[in-house]
Amino acid sequence: IPSSHPLVHAFDAIQRMIGLTNDECSKRGGVKGSTIWFWRNGKSPSVDNLDRALRGMGYRLAIVPLDGRPDEPVMD
């Protein structure tokens, strides 16, 4: 999906790894299937919708330091 946002690429990789269909992702995350389709076709996802969809697959968005230091606080 070359024209989509890098976070959408990560979302797709997680979906494939877990083996969920688009309908299952949509239902679990409470995000319309058309919304996910738009992400894959160039529209950037909103933070709320992407977080909701990821949480439906057992993941979440997080802000981490560029150097990857694990001692930085993470806000939930």
ask   = What closest approach, in Å, do E24 and G19 show between heavy atoms, and which atom pair accounts for it?
value = OE1-O, 4.1 Å
key: Check against salt bridge (Lys or Arg N to Asp or Glu O under 4.0 Å), R60 and D51   = CA-CA 6 Å; R60 67 179 173 88; D51 189 51; over 6 Å; no
query = Going by the ring pair (Phe, Tyr, Trp, His ring centres under 6.0 Å) test, which pairs reach into residues 10-30, not counting sequence neighbours?
reply = F11-W39
message = Against S4, only a single residue in R40, H9, K43 fulfils side chain to side chain donor-acceptor pair (under 3.5 Å); can you say which?
response = H9
Distance check, rounded to the nearest 0.5 Å: [X] atom [atom1] versus [Y] atom [atom2]?
X	Y	atom1	atom2	result
I18	L20	CD1	CG	5.5 Å
N49	R52	CG	CZ	4.5 Å
I14	L54	CD1	CG	5.5 Å
D12	L7	CG	CG	11.0 Å

query = Hey, are the side chains of N22 and Q15 touching, using non-hydrogen atoms and a 4.5 Å cut-off?
reply = yes
For residues 26-38, dump all side-chain donor-acceptor pairs below 3.5 Å to protein atoms at least two apart in sequence or in another chain.
residue	atom	partner	partner atom	Å
S26	OG	V31	O	2.4
S26	OG	G33	N	3.2

